[in-house]
Amino acid sequence: MRGAARAGGAGDRARPPVRSACGWWLLVVWSLRLASGGLCAPRTRGRLQCLQVSVFANRSRARTDGLARLGELQVYGWRNGSDSIRFLKPWARGPFGEGQWDELQRLLSVYRGSFTRDMHEFVKMLRLAYPFEIQVSAGCELRPGNTSESFFHAAFQGKEIMSFQGTVWVPAPDAPYWVGRAAKELNQDQGTRKTLQWLLNDTCPQFVRGLLEAGKSELEKQVRPEVWLSTGPTPGPGRLLLVCHVSGFHPKPVWVMWMRGEQEQRGTQQGDILPHADETWYLRVTLDVAAWEAAGLSCRVRHSSLGGQDIIIHWEGSHSSMWLMLVALLGSLLMIGCLALWYRRRRSLNTTGDLHIVLDPISDLLNKKWEWGPL
Ligand SMILES: *[C@@H]1O[C@H](CO)[C@@H](O)[C@H](O)[C@H]1NC(C)=O
Ligand SMILES: *[C@@H]1O[C@H](CO)[C@@H](O)[C@H](O)[C@H]1NC(C)=O
Ligand SMILES: *[C@@H]1O[C@H](CO)[C@@H](O)[C@H](O)[C@H]1NC(C)=O
Ligand SMILES: *[C@@H]1O[C@H](CO)[C@@H](O)[C@H](O)[C@H]1NC(C)=O
């Protein structure tokens, strides 16, 4: 079945890796001068998130990987084994020139080296234990009215321990005691704090504006969803799981609802929005109903690509109800047949004594049971 195949395909496709990343790279962008001209006002809101994951196996073994994404799209990759940033989109260079990227890559390598060395030192100083993992998530998000909001969070063993708030490093409320010490240490470094503010407040949003402009045709593409209905595994006797498949749409925000006329069906269950390989999205929305209630339901899809014209697909339960009717009919026929047979046997038993001897003992037993039973 087409629906099932497409749905399965989307489900199996790996989601973008969450564990791997490029975080502090913003820290070093400061030395790169952004071309100030040619950056237009944002047409789309954008969120640039850089993720860094550093795994320290022991005193001598560590690795740091990174990635950066714009909204849902991964745009950059940064592997421990390589000094170069991988551009995953043709427009990933954004507003930076060749020289600026070269400079950034060089600085990132230096940063990785010193981050690793400093962490080993830190572990020695604070008597922490190996292995451990550090994650950093940093970036900015453009907001309406040419404003932006930035963020910088660090996590240890999967729990947030510290963030940069406006001008200072702040330990997380439930962070271990040593984080307070680390934050104090970091806050004494005025230079880095200033640089970080400049990066987060100015460089990042400007870079994102340039990136949005460079990737506009892909980021703003509008692709209409394809919508079809099917049934899922039956939730129970006399019930149906109606499935509305919405596939191949872009951008991601979408509204899908099972309806009866204009009435939204409250039992509507929405799955995760899953990525297709071609950077469009897939969504499954289900409704568990009594089989007789399925008629008259429809799946309604609202999406920016549809220009205000929702897609409405009506549930035509004809196939399934025809099957149900057929099964019911066959069942009844079978039952009538059995009853007729039994009745005929019973009658022949009562009228002809010699047939009684020919019949096998099971029929005999059946007869007795029937005679003794409540019927
Ligand atoms: C948006 O803000 C930035 C800096 O805050 C400025 O350089 C740019 O000109 C502004 N753009 C518009 C359209 O106001
Ligand atoms: C560090 O870990 C790696 C593998 O995780 C191992 O091969 C190596 O021997 C370890 N080194 C030390 C000093 O424990
Ligand atoms: C990560 O990269 C550094 C520097 O290139 C290297 O020394 C280290 O062995 C790498 N770590 C792993 C686990 O490959
Ligand atoms: C950066 O923005 C924060 C608020 O997010 C503000 O507190 C801080 O003063 C700004 N710093 C600079 C240098 O603009």
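Every number for a ligand or one of its atoms is a count from 1 in the order of the listing. These figures come from a predicted structure and were not determined experimentally.
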Legend entry - Residue pairs, two or more places apart or on separate chains, that pass disulfide (SG to SG under 2.5 Å) and touch residues 280-314: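 Every disulfide (SG to SG under 2.5 Å) pair that includes a residue of residues 280-314, provided the two are not neighbours, is Cys244-Cys299.
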Inset, instruction - Apply ring-ring contact (aromatic ring centres under 6.0 Å, His included) to Trp292 and list each qualifying residue two or more places apart in sequence or on a separate chain. - result: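 Scan of Trp292 (ring-ring contact (aromatic ring centres under 6.0 Å, His included), adjacent residues dropped) gives none.
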Inset, instruction - Look up atom OG1 in Thr203 and atom CD in Gln197, then write down how far apart they are to the nearest 0.5 Å. - result: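 Rounded to the nearest 0.5 Å, the OG1-CD separation comes out at 12.0 Å.
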Tabulation required: pairs of a nitrogen or oxygen in ligand 3 and a protein nitrogen or oxygen under 3.5 Å; columns are atom names and distance to 0.1 Å; otherwise 'none'.
from	atom 1	to	atom 2	distance (Å)
ligand 3	2 (O)	Asn80	OD1	3.1
ligand 3	2 (O)	Asn80	ND2	2.4
ligand 3	11 (N)	Ala62	O	3.0
ligand 3	11 (N)	Asn80	ND2	2.9

Legend entry - Heteroatom proximity flag, Asn201 to ligand 4, N/O under 3.5 Å: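 Between Asn201 and ligand 4, an N or O pair is found under 3.5 Å apart.
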Inset, instruction - Please indicate whether any nitrogen or oxygen in Gln197 is less than 3.5 Å from any nitrogen or oxygen in ligand 4. - result: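 Yes.
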Inset, instruction - Report the residues that fulfil side chain to side chain contact (heavy atoms under 4.5 Å, CB included) with Glu218, sequence neighbours left out, ordered by chain and then residue number. - result: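 Applying side chain to side chain contact (heavy atoms under 4.5 Å, CB included) to Glu218 gives Leu73, Lys89, Trp91, Glu279.
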Legend entry - Arg193 atom CZ, neighbour heavy-atom count above 12 within 6.0 Å: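 Correct, the count exceeds 12.
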Inset, instruction - Could you verify whether a donor N or O on one side chain and an acceptor N or O on the other, from Ser109 and Asp83, lie under 3.5 Å apart? - result: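 Side chains of Ser109 and Asp83: pair found under 3.5 Å.
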Legend entry - Arg181 to Phe122 six-membered ring, cation-pi geometry met (6.0 Å, 45°):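 Geometry flag: not set, cation outside 6.0 Å or 45°.
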